[in-house]
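Have a look at the structure below, then the notes.
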2 protein chains.
Amino acid sequence: MNEESKPVTRRQFLEMVGAAGGAAAVYETMVVLGMLAVPDAFAGPPDTSGNPGKGKTVVVLGAGVAGLTAALRLREAGYSVVVCEASDRVGGRNFTVSTAKVDSRNVIRQKGRADQECKFDGSPDTQYFEAGCGRIPYHHIALLELCHELKVPLQPYIMETRANHFQTKDAFGGKYVKNRQLANDTRGYIAELLAKAVNKHCLDDTLSEADRTALLSLLETFGNVSKDSGYVYNGSSRSGYIEDPGVESPGKVMPKLALDQLLKSTFWKHRFYQAEDYLWQTTLFHPVGGMRKIVDALHAKLGGIVRTRIEARRIVNSDQGVTVTFASGAPITADYCISTIPLPILKTLIDAGTFSPAYVKAVGAVEFAKTCKVGWQAKSRFWEALRGPNNTNGPQIFGGISWIDHPITQMWYPSADYFAPGPAILTGAYNYDAKDNPVATKFGNEDLSKRLDIGLEGGTLLHPEFKQFVPKDKGLSIAWQEVPFIGGGWAEWDRANRDQAEAYKLLLKPDKRFIVAGDQVSYLPGWMEGAVLSAYHVVDVVTGRVKVRAVEGVEEVVAPDSASVTGAG
Amino acid sequence: MNEESKPVTRRQFLEMVGAAGGAAAVYETMVVLGMLAVPDAFAGPPDTSGNPGKGKTVVVLGAGVAGLTAALRLREAGYSVVVCEASDRVGGRNFTVSTAKVDSRNVIRQKGRADQECKFDGSPDTQYFEAGCGRIPYHHIALLELCHELKVPLQPYIMETRANHFQTKDAFGGKYVKNRQLANDTRGYIAELLAKAVNKHCLDDTLSEADRTALLSLLETFGNVSKDSGYVYNGSSRSGYIEDPGVESPGKVMPKLALDQLLKSTFWKHRFYQAEDYLWQTTLFHPVGGMRKIVDALHAKLGGIVRTRIEARRIVNSDQGVTVTFASGAPITADYCISTIPLPILKTLIDAGTFSPAYVKAVGAVEFAKTCKVGWQAKSRFWEALRGPNNTNGPQIFGGISWIDHPITQMWYPSADYFAPGPAILTGAYNYDAKDNPVATKFGNEDLSKRLDIGLEGGTLLHPEFKQFVPKDKGLSIAWQEVPFIGGGWAEWDRANRDQAEAYKLLLKPDKRFIVAGDQVSYLPGWMEGAVLSAYHVVDVVTGRVKVRAVEGVEEVVAPDSASVTGAG
């Protein structure tokens, strides 16, 4: 059989299509071959026209973004809705802490701890700490469209700058290095090493001569190495200068970091490349004035139907409706119940005998992640200083995140009001447990004073001048695992867990008149987009207007992959 | 001689220091060893205290950023200053075009062409086209401090987003691809190939076993490949989705681009990696309301000492002072003359016999680069659309630059007012000559209508819907080589040119009472920072207060490297 008459596999065929037409052509071809269903992209909020909810009642448990959004749409559809929130605060894990006393959002409550009241100086419009969610990807369409509808102005959230710091005790003499050094010296070494392998003909089995030539050309630009220098990486101005170019001096380029130090630092294990992941790719957004603006806008639309301090204690399900009993006050019976209560808490509230056994098992299938933050009010924006002492450059950090091999894990700088006088807010820690490092568990076990001491220690490793500018007495800390009625940061789904896949599939459907919602029941746990999409999903289920694929059983369902979408992976 | 008693070279010693302490330690050690002079970082504006200019006069030629800044500081120092600008417009290559008729900045004038008057709809505060400089790096300290002093508010300029486009006819079937696909598929393939070489033991001569293990771990995160899959790059959600994750669907990851298509596209030759270069690293800035706000603020401070429409025709130098003759009006004689006139034009104005021959030669040593732009007013921000037709995603572009293998070279999207209704401004072309591709020369030779046709063609390749939203009749175009009294984009210095190094050195010093200024006499040609630093340099020279290193001859001087700092490299 000669070459031309050989049959091609589907894969070979797609590769040929790809070579000729790129990814778009492959995709179109896959659709034609029936290898992919045509995607149902987000097609907008649920259809609530025509008053389908007339005469029907819904009780929504939990006044976070999912609960409030579901209530908004259901009311549009004519349902009589009440939202019951156990705590004295709306928003859930959308929690912008400031001195504004709206809905007790000036207080951090944790079980067994003294309440922390925010004592920040200045206006709550700029002086606020995002204890919960902190950013909105530009591709989170449902949430962005909701913000537009609610007239919540958005501004860019700066995820990364090349001026950010990274510090570890394992390399660089324990001193912080700049993001630009790690990013670009790594690229330089990778380019040098790959060029060497290519020129040694180690990859001739994979690469044609034309490929090799083109790849070497790519590597010159990719890593800032040059053919003329034998592709050796000799450092790059991409890694910055020890003296900036001016009029008299062409500048002195920062010497490259030693390869063995780069490798010893294991910087890549500290989320250094997070900004490359789809969820954190520029340009991200943030509401002007904080995430609470979304909650405020939803709450303002819903008004009196949102009740706080009404704690569900027992949920009884039936084919006719759901009855919820509360810690005090009269029980509520409604035609439908939508629960956004975190599943591990919900598990303790449902009257198991009134639900199907499989559903009860599904509700218990997932735990919530432990995660902690620290919020600081600094006296000035010292991280933005253009100049340091003795004619040196200052940190020159305008937004982004510094990463550190330390319990604080990361530090966020403000993405707005650059160059303003102080004070200003830093997120001084944001951690989560890793497989072999339960850092958030340990951190959450400490009291406020100790957490803040750890925060100051980490801050000082990233910024030796930290304590000069950051008073301990205005510091705040939250351990979400200790927050009443919430108990964690996000649902910890594991895609490899088949039981969880089954549980997820069940949780997409109602059990009698009861259905769960929230980012916990989405492929975006920990993200408001998941909360909004889940709210829309349950509204579609309740109205019965849209054919829900998973409910119809046409879709193979896998569990969400929390590790990859929460940043804790 | 055993290993331990072997002498070490300086280089080996520094490598040891680097391994132990990183770049900072190497640098400190180099200073100690006398291998580097201690850098003189920017130490602030010139010392103008004590009225050193009392009774002395200065004539400044050119009212761009350098001329205005020099005048500001000299007047502070007590000099009697006049600024003479040949055109009817202040700002020079700081040129924010809008309908605001301040200083004729609503008109683009080019030699031999009809004037273009800006006809943008809406407010000039948001509807403006940056015909000249467009961004401020966060490390351009002198300029940033000047902006603060002048109370010019700044906002982030978004340099790059992973949603931006790249298009070439040479690959991907001629269809645009997303920045995130190029960036991340390239990283994936590079990781795969380098891992392969490591695992084939091709690099064992360079890498220890520990290095190899660490490098493979790095490559997993760097390129999103996994050990479990044999380090094969199988695509990545970093390159986006063909269906975003939601509630019912975990999302469908974009298939990877074929390696041979990536290589055929030569995307890296089209400035794709510009955002990695120090000058374009995040976070960049931009004045709220446009670059002209800097010029407006300088002009407001200087008031009546700035004279427009006064064209220098002849400059006579002497040891006592300088006399400038103008196209009309009385000549001006001053104790000092600071010229910011572009050197190729200045060459035609100086009375050669009154300057030293070497200086005359130096003034003629450099040409100005040809560079063109197109400005569009789009009816709406179609590039920001979250959703496209038929349940597809929209472009979702919020700032950044799309690159293209086409005469328009690049397209800039606005960095402010995201999600606002239209209209909005696009920079629809920004090109410059390359070694074997005089694209800016050719583009500038075309008339406005033809330039705009080319602009529409390029725009349509990046955005098939372009012409629906971008009317030709409001389009503007500038070819800087044709702009009267300027004649180009920036000085084209070549670091390899020894004659230019000599010229640069001479131009840092005064010739009798005459000295040149501007970004053209800095290591930052094309940047306002160069203009400000040069202004401060000449003020120091005139006041004689600060020991100017180059003037004292203590500094080895090389020519600037325009190719690497202008983006045209």
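Nothing here was measured: the structure is a model prediction, and the numbers come from that model.
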Q: Answer with side chain, backbone, both or neither: which region of B/Ala163 has an atom nearer than 4.5 Å to a non-hydrogen atom of chain A?
A: both

Q: Answer with side chain, backbone, both or neither: which region of B/Glu160 has an atom nearer than 4.5 Å to a non-hydrogen atom of chain A?
A: backbone

Q) Relative to chain B, which segment of A/Asp205 carries a heavy atom at a distance below 4.5 Å: side chain, backbone, both, or neither? A) side chain

Q) So what's closer than 4.5 Å to chain A heavy atoms on B/Leu218: side chain, backbone, both or neither? A) both

(Q) Given heavy-atom pairs under 4.5 angstrom as the criterion, report whether the side chain, backbone, both or neither of A/Ala210 touches chain B. (A) neither

Q.
How long is the straight-line distance from CZ of B/Arg387 back to CD1 of A/Ile141, given to the nearest 0.5 Å?
A. 7.0 Å

Q) Going through the checks in order, is the side-chain contact (heavy atoms from CB on, under 4.5 Å) test met by A/Val247 and B/Val538? A) CA-CA 10 Å; A/Val247 169; B/Val538 298; over 6 Å; no

Q | Top of B/Gly530, B/Ala197, B/Cys202 for chain A proximity - count of heavy-atom pairs under 4.5 angstrom | A | B/Cys202

Q.
At a heavy-atom distance under 4.5 Å, which candidate from A/Leu154, A/Thr266, A/Leu219, A/Leu203 has the highest pair count against chain B?
A. A/Leu203

Q: Could you give me the CA-CA distance, side-chain angles and deciding distance for B/Tyr418 and A/Tyr138, then say whether ring-ring contact (aromatic ring centres under 6.0 Å, His included) is met?
A: CA-CA 11 Å; B/Tyr418 293 118; A/Tyr138 65 85; over 10 Å; no

Q: Find the one option among B/Arg187, B/Gln155, B/Lys200 whose heavy-atom pairs under 4.5 Å with chain A are most numerous.
A: B/Arg187

Q. Which answer fits A/Phe419, side chain, backbone, both or neither, if we ask what part of it has an atom under 4.5 Å from a heavy atom of chain B?
A. side chain

Q: Mind listing the closest non-hydrogen atom pair of B/Pro156 and A/Ile158 along with its distance?
A: CB-CD1, 4.5 Å

(Q) For the interface with chain A, which of B/Glu145, B/Gln396, B/Arg238, B/His148 has the highest count of heavy-atom pairs at distances below 4.5 Å? (A) B/Arg238

Q: Find the distance between OG1 (A/Thr221) and NE2 (B/His270) and round it off to the nearest 0.5 Å.
A: 10.5 Å

Q) What part of A/Phe222 gets closer than 4.5 Å to chain B, counting heavy atoms only: side chain, backbone, both or neither? A) both

Q. For A/Asn184 and B/Gln281, what are the C-alpha separation, side-chain angles and deciding distance, and is it a side-chain contact (heavy atoms from CB on, under 4.5 Å)?
A. CA-CA 11 Å; A/Asn184 292 302; B/Gln281 286 176 3; 3.8 Å; yes

Q. Roughly how far, to the nearest 0.5 Å, is the NE2 atom of B/His140 from the CG atom of A/Leu386?
A. 11.5 Å

Q. Quick one: of B/Asp211, B/Leu279, B/Asp561, who has the most non-hydrogen atom pairs under 4.5 Å with chain A?
A. B/Asp211

Q. With a 4.5 angstrom heavy-atom cut-off, which part of A/Leu207 approaches chain B: side chain, backbone, both or neither?
A. side chain

Q.
Heavy-atom pairs under 4.5 Å with chain B: which of A/Asn224, A/Asp185, A/Thr206 has the most?
A. A/Thr206

Q.
At a 4.5 Å cut-off on heavy atoms, which part of A/Leu259 comes close to chain B: side chain, backbone, both, or neither?
A. side chain

Q. Can you say whether A/Ile190 sits under 4.5 Å from chain B via the side chain, the backbone, both, or neither, judging by heavy atoms?
A. both

Q.
As a quick check of understanding, evaluate side chain to side chain donor-acceptor pair (under 3.5 Å) for A/Tyr278 and B/Asp244, giving each step before the final call.
A. CA-CA 10 Å; A/Tyr278 187 58; B/Asp244 279 313; 2.8 Å; yes

Q. Taking C-beta and beyond as the side chain, do A/Lys269 and B/Ser217 meet within less than 4.5 Å on heavy atoms?
A. yes

Q: Against chain B, label A/Glu529 side chain, backbone, both or neither, depending on which of its atoms sit under 4.5 Å from a heavy atom there.
A: neither

Q: Of all the heavy-atom pairs spanning A/Asn391 and B/Ala43, show the shortest one and how long it is.
A: OD1-CB, 3.6 Å

Q: Could you tell me which of B/Trp527, B/Tyr536, B/Phe272, B/Tyr504 has the largest number of non-hydrogen atom pairs under 4.5 Å with chain A?
A: B/Tyr504

Q. Where do A/His139 and B/Asn393 land on the side-chain contact (heavy atoms from CB on, under 4.5 Å) test, with the steps shown first?
A. CA-CA 9 Å; A/His139 45 77; B/Asn393 277 334; 5.8 Å; no

Q.
To the nearest 0.5 Å, what is the distance between OG1 on A/Thr283 and CD1 on B/Ile397?
A. 10.0 Å

(Q) Can you tell me how far apart CZ (B/Arg180) and CG (A/Asp277) are? Round to the nearest 0.5 Å. (A) 12.5 Å

**Q.** Closest contact, heavy atoms only, B/Leu193 versus A/Leu215
**A.** CD1-CD2, 3.8 Å

**Q.** Distance (rounded to the nearest 0.5 Å) between B/Ser522 OG and A/Glu248 CD
**A.** 12.0 Å

Q.
Need one label for A/Val521: side chain, backbone, both or neither, based on atoms under 4.5 Å from any heavy atom in chain B.
A. backbone

Q) What heavy-atom pair brings B/Leu533 and A/Gly246 nearest, and what distance separates the two atoms? A) CD1-CA, 3.8 Å

Q | Largest heavy-atom contact set with chain A, pairs under 4.5 Å, which of B/Arg495, B/Glu220, B/Arg162, B/Lys196 | A | B/Arg162

Q: Tell me, for A/Phe267 versus chain B, whether the close heavy atoms (under 4.5 Å) come from the side chain, the backbone, both or neither.
A: side chain

